[in-house]
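What follows is a set of notes on a single structure, which appears directly below.
All chains are named by letter (A, B, ...) in the order of the sequence lines, taking the proteins before the strands, and each is independently numbered beginning at 1.
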Protein chains: 2
Amino acid sequence: MNTQREINDFFNTGYKRYVPHVSIDCAIFGYHERQLKILLINIKSVEGMCLPGGYIKRTETLTEAAGRIVEERTGIKNLFLQQFKTFGDPGRATVRGMDEKKLSKIFGVRIEKNNWIMDQTISIGFYAITDFSQVKPKPDFMSEFCKWYDIDQLPHLLFDHDEMVKEALHTMRLQLYHYPIGINLLPEKFTLTEIHALYETLLGKKLDIRNFPKKLMFLGVIKKLNEKINIGPHRSPFLYKFDKVKYNKALKEGIILD
Amino acid sequence: MNTQREINDFFNTGYKRYVPHVSIDCAIFGYHERQLKILLINIKSVEGMCLPGGYIKRTETLTEAAGRIVEERTGIKNLFLQQFKTFGDPGRATVRGMDEKKLSKIFGVRIEKNNWIMDQTISIGFYAITDFSQVKPKPDFMSEFCKWYDIDQLPHLLFDHDEMVKEALHTMRLQLYHYPIGINLLPEKFTLTEIHALYETLLGKKLDIRNFPKKLMFLGVIKKLNEKINIGPHRSPFLYKFDKVKYNKALKEGIILD
DNA sequence: CTTTATTTGGTAAATTTTACAAAATAGTAT
DNA sequence: ATACTATTTTGTAAAATTTACCAAATAAAG
């Protein structure tokens, strides 16, 4: 979706390839060294930022569509994706003063009255987590910027995206002990200190260092290796890795704790 | 939606009033005296049953639309409603052999090729709970039957509605101790035995009668009255009622237990 | 007053969660 | 070698929560 031809096709025949009236918005969380960020984009000639989103191809499942949208912005495939809520209040996505005329001007294509893109849209929220240090965010054709923002220094977002972020965070934190979140966020082999920092950051609170390993090991998705890593003039920590078999099982079924 | 005129309007101009490509399906659970049922409908001249559903008016929020759909089938207003998941796999709602011609015949109205109703639809799942003994199910114009089915004697359902029921049950059971579910299912004043039976039935498992009241009272949404009820040649049980103030607070905010 | 059926309240045991500190170790400096 | 610094690692007691389990109270009928 870069050439003028493609943009024209999107506006004028997109409704044939995509399901109109429905979009997906993605809260893409980024973690790295005790920092939690979220990926935001803008919309050309609209003041303010919002979550990246997109439409669903008529051949895709919802999760496939969300995966494609996330990949388009981050370049990363196969991220852990979870649906968290669907948003559909009337007027939730209207931009004051935006119309087909303005759109035509902004995108340099002819956009007729009643273009499919201007109609009411219901949006399905997904969240994903990746390592922001490995991601060079790519704006979509509708936006100029695509950047990581610190989770506790977010500006007010457009549309109902403030609420989306709140719900995404809430769901992610609820699911942290029920789904195997962490692969892609840590090196293949990692120390307890590293995964401890990850969980503290994602949850936004302190976790007792002596109790954390017990709880974590109890989940059963990571295993201790008989290897240590050299970290300079300190005791060498053991390495751990995710147990692929149990990890994939947990991905499908969730981790039942109750 | 009963007259031929209204049906004609629905098929031919419905896309103006409703958001096309998006529907809501409702898992309406019914409880009464230790029995858990679910409301199913059929579709005219289609073999099999499914969840009742409908479209979203362009002026409605998702929850308002779900409330209207539930009210249309049950006659009950203001039921507790929760969104549980959105379903959108391609082909999820196709009926083998159904086309505009057949539809025209079934409903006795002229339905053109590419009618909005035949296009791919993504469906938002909501669940609700009511007392089935107080409900006379009303079929919609698309169906002949609308009946209560025992939850553990369900037939295979059309479309992806087997999965919907599974997800709805799962979410309802998860939320049972986090939202005040129960008003409308019990008389205004009720005994511990009655609410105990309700919880056992909704959860599908035994709950210790001596521990149950502690947990329940801890939630804080019901209060003990200084009244007893006569139940024949047995000790008279105390009556309880829901604490309206705390109940409504819990409705909005949920009951935080962790 | 005895019997029957049901409600009601309490406590010990088991389990889970929380709180908390000292020993081990790898390298560096002396 | 030895001491020192910074970090990892490990165990246990207390507290809180959940679970298991029964006997006393009571309302009406015979």
task = Please identify each residue that fulfils side-chain contact (heavy atoms from CB on, under 4.5 Å) with T63(A), with sequence neighbours left out.
result =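 Counting only residues at least two positions away or on another chain, T63(A) forms a side-chain contact (heavy atoms from CB on, under 4.5 Å) with T61(A), L81(A), F126(A).
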Are the aromatic rings of [X] and [Y] close, with centres under 6.0 Å apart?
| X | Y | value |
| --- | --- | --- |
| F242(A) | F190(A) | yes |
| F159(B) | F87(B) | no |
| Y199(B) | Y177(B) | yes |

Can you tell me how far [atom2] of [N] sits from [atom1] of [X], to the nearest Å?
| X | N | atom1 | atom2 | value |
| --- | --- | --- | --- | --- |
| F212(A) | dT16(C) | CZ | P | 19 Å |
| N226(A) | dT9(D) | CG | P | 13 Å |
| F238(A) | dT8(D) | CZ | P | 13 Å |
| K205(A) | dT18(C) | NZ | C1' | 12 Å |
| L216(B) | dT7(C) | CG | P | 16 Å |
| I231(A) | dT8(D) | CD1 | C1' | 7 Å |
| I209(A) | dT18(C) | CD1 | P | 15 Å |
| Y177(A) | dT17(C) | OH | P | 11 Å |

request  = Name the residue closer to the 5' end of DNA chain C, choosing between P233(A) and P233(B) according to the nucleotide with the nearest heavy atom.
outcome  = P233(B)
task = Assign each of R210(A) and G232(A) to its nearest nucleotide of DNA chain C by heavy atoms, then name whichever residue's nucleotide is nearer the 5' end.
result = R210(A)
task = Would you check, one step at a time, whether the test side-chain hydrogen bond (donor to acceptor under 3.5 Å, both in side chains) holds for Q175(B) with Y127(B)?
result = CA-CA 11 Å; Q175(B) 296 189 342; Y127(B) 81 86; 2.7 Å; yes
key: Under 3.5 Å side-chain donor-acceptor pair for D25(A) and S123(A)   = yes
task = May I ask you to say what T193(B) touches in the nucleic acid, namely base, sugar-phosphate or nothing, with a heavy-atom cut-off under 4.0 Å?
result = sugar-phosphate
task = Have a look at D208(B) and say if it touches a base, only the backbone sugar-phosphate, or nothing, with a 4.0 Å heavy-atom cut-off.
result = base
query = Among dA27(D), dT28(C), dT8(C), which is the nearest nucleotide to the side chain of K228(B)?
reply =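 Between dA27(D), dT28(C), dT8(C), the one nearest the side chain of K228(B) would be dA27(D).
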ask   = Of the nucleotides dT25(C), dT7(C), dA26(C), which one has an atom closest to the side chain of R235(A)?
value = dT25(C)
task = Verify the contact: side-chain N or O of N230(A) to OP1 or OP2 of dG27(C), cut-off strictly under 4.0 Å; return yes or no.
result = yes
ask   = Are K224(B) and dG9(C) close enough that a side-chain N or O sits under 4.0 Å from OP1 or OP2?
value = yes
Tabulated below should be each protein N or O lying under 3.5 Å from an N or O of nucleotides 12-18 of chain D; please produce it.
| residue | atom | partner | partner atom | Å |
| --- | --- | --- | --- | --- |
| dT12(D) | O4 | K214(A) | NZ | 3.0 |

query = For Y31(B) and L185(B), which heavy atoms make the closest approach, and how far apart are they?
reply = CD2-O, 4.2 Å
